[in-house]
Engineer: 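My structure is below; once you've seen it, I'll send some questions.
Worth knowing before you read on, the calculation uses all heavy atoms, side chains too, and leaves out hydrogens, waters and symmetry mates. Along the sequence shown, residues carry numbers from 1.
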Amino acid sequence: MTGPESIGLRPARLGILLSGRGSNFLAIAEAIKSGKLAAEIAVVISNVADAPGLERAREIGLATAVFVSKGRKRAEHDADVAACLREHNAELVILAGYMRLLSPEFIGAFPNRILNIHPSLLPAFPGLDAQTQAFDYGCKVAGCTVHFVDEQLDHGVIVLQRSIPVLDHDDAHSLADRILDEEHLAYPEAIARVISGTYRIEGRRYVWVSGEPVPAVK
């Protein structure tokens, strides 16, 4: 499977899903503003009405939408979100601290068009509190992973990973902070790689196929 050739010829339209402060969303927005990432944010959607990231999106003039998930059936909620993304012509869905599992129907509506970032070097430590899991396990190296989303938790094809050493003076909190710094670099770069369209997926492997250098966002 190759990457989408239609994306990369013009700024790609991103649909951001978040539930909290949205620090990765803000890193992506800054990369776009500075010209380092050839994309535009079509809409920012939250399942939490008072998510700080949603308010920040409004402050910088982005389109926003809220679909509160609490008390709703997953498939019904996700259908509303998918309809909103289509309404705004979002081509790539970016999970930026979206604390909700996606329904199979939603994933099927955006095949190989949903990216997530996880604060561990997958497949190690999927799920919640990955940084603490890595610290408690005694890992000497930690990091983050950007991957496509499939129907399994923190499982899809890996696009990009960044690693850091676990320092002797680290605790779980300082390690999480340093991993977050890497996330803010990794996510824009991974998006640039995907929207370039010059890749293929072989089994579980993301393979760069262009003769040009891999896009980097610094």
Engineer: Give a yes or no on whether a salt bridge exists between E189 and R193, defined as a side-chain N under 4.0 angstrom from a carboxylate O.
Structural biologist: yes

Engineer: Taking the side chain from S46 and the backbone from A49, do they hold a donor-acceptor pair closer than 3.5 Å?
Structural biologist: no

Engineer: Sort out for me which residue in E91, H88, E40 forms a side-chain hydrogen bond (donor to acceptor under 3.5 Å, both in side chains) with R13.
Structural biologist: E40

Engineer: Could you state the interatomic distance from CD1 (I201) to CZ (R205), rounded to the nearest 0.5 Å?
Structural biologist: 11.5 Å

Engineer: Which value, rounded to the nearest 0.5 Å, describes the distance between I107 atom CD1 and F148 atom CZ?
Structural biologist: 13.5 Å

Engineer: Do S174 and D170 get their side chains close enough for a donor-acceptor pair, meaning under 3.5 Å?
Structural biologist: yes

Engineer: Is E202 paired with R200 through a side-chain N to carboxylate O contact shorter than 4.0 Å?
Structural biologist: yes

Engineer: So, for H118 and G127, which heavy atoms are closest and what is the spacing to 0.1 Å?
Structural biologist: CE1-O, 3.0 Å

Engineer: Short question: side chain of E105, backbone of A79 - any donor-acceptor pair under 3.5 Å?
Structural biologist: no

Engineer: Taking L128's backbone N and O only, do any of them form a donor-acceptor pair with Q133's side chain (distance below 3.5 Å, no angle check)?
Structural biologist: yes

Engineer: Quick one: pull up CG in L62 and CG in L14 and give me the separation to the nearest 0.5 Å.
Structural biologist: 10.5 Å

Engineer: Go through the steps for L101 and R74 under the test side-chain contact (heavy atoms from CB on, under 4.5 Å), then give the verdict.
Structural biologist: CA-CA 9 Å; L101 293 176; R74 190 179 310 278; 3.8 Å; yes

Engineer: Does CZ belonging to R21 count more than 12 external heavy atoms closer than 6.0 Å?
Structural biologist: no

Engineer: Indicate yes or no for a side-chain donor-acceptor contact from S103 to the backbone of A75 under 3.5 Å, with no hydrogens or angles considered.
Structural biologist: no

Engineer: Yes or no on side-chain contact (heavy atoms from CB on, under 4.5 Å) for I45 and T64, after CA distance, side-chain angles and deciding distance?
Structural biologist: CA-CA 6 Å; I45 301 173; T64 64; over 6 Å; no

Engineer: Would you sort out whether V166 and L175 count as a side-chain contact (heavy atoms from CB on, under 4.5 Å), showing the intermediate values?
Structural biologist: CA-CA 7 Å; V166 180; L175 180 61; 4.1 Å; yes

Engineer: Looking at CD1 of I16 and CG of L95, how far apart are the two atoms once the value is rounded to the nearest 0.5 Å?
Structural biologist: 9.0 Å

Engineer: Quick one: does R178's side chain have a donor or acceptor within less than 3.5 Å of a partner on P165's backbone?
Structural biologist: yes

Engineer: Judged by atom type as modelled, is there a donor-acceptor pair below 3.5 Å linking the side chain of T145 to the main-chain atoms of S120?
Structural biologist: yes

Engineer: With sequence neighbours excluded, what pairs up with R72 under the salt bridge (charged side-chain N to carboxylate O under 4.0 Å, His left out) test?
Structural biologist: D80

Engineer: State the CG-CD1 distance between L115 and I191, to the nearest 0.5 angstrom.
Structural biologist: 6.5 Å

Engineer: Kindly indicate, with the supporting measurements, whether the criterion side-chain contact (heavy atoms from CB on, under 4.5 Å) is fulfilled by I94 and Y187.
Structural biologist: CA-CA 9 Å; I94 307 298; Y187 223 167; 3.4 Å; yes

Engineer: Suppose the criterion is salt bridge (charged side-chain N to carboxylate O under 4.0 Å, His left out): which pairs have a residue in residues 56-67, not counting sequence neighbours?
Structural biologist: E55-R58, R56-E59

Engineer: Indicate whether any N or O donor in one side chain lies under 3.5 Å from an N or O acceptor in the other, for N47 and H77.
Structural biologist: no

Engineer: Nearest 0.5 Å please: distance from the CD atom of Q131 over to the CG atom of D136.
Structural biologist: 11.0 Å

Engineer: On a heavy-atom basis, which atom in A51 and which in S19 lie closest, and how many Å separate them?
Structural biologist: CB-O, 3.6 Å

Engineer: Quick check: F125 with Y137 (ring centres under 6.0 Å apart)?
Structural biologist: yes

Engineer: Which pair of non-hydrogen atoms, one from W208 and one from T198, has the smallest distance, and what is that distance?
Structural biologist: CH2-OG1, 2.8 Å

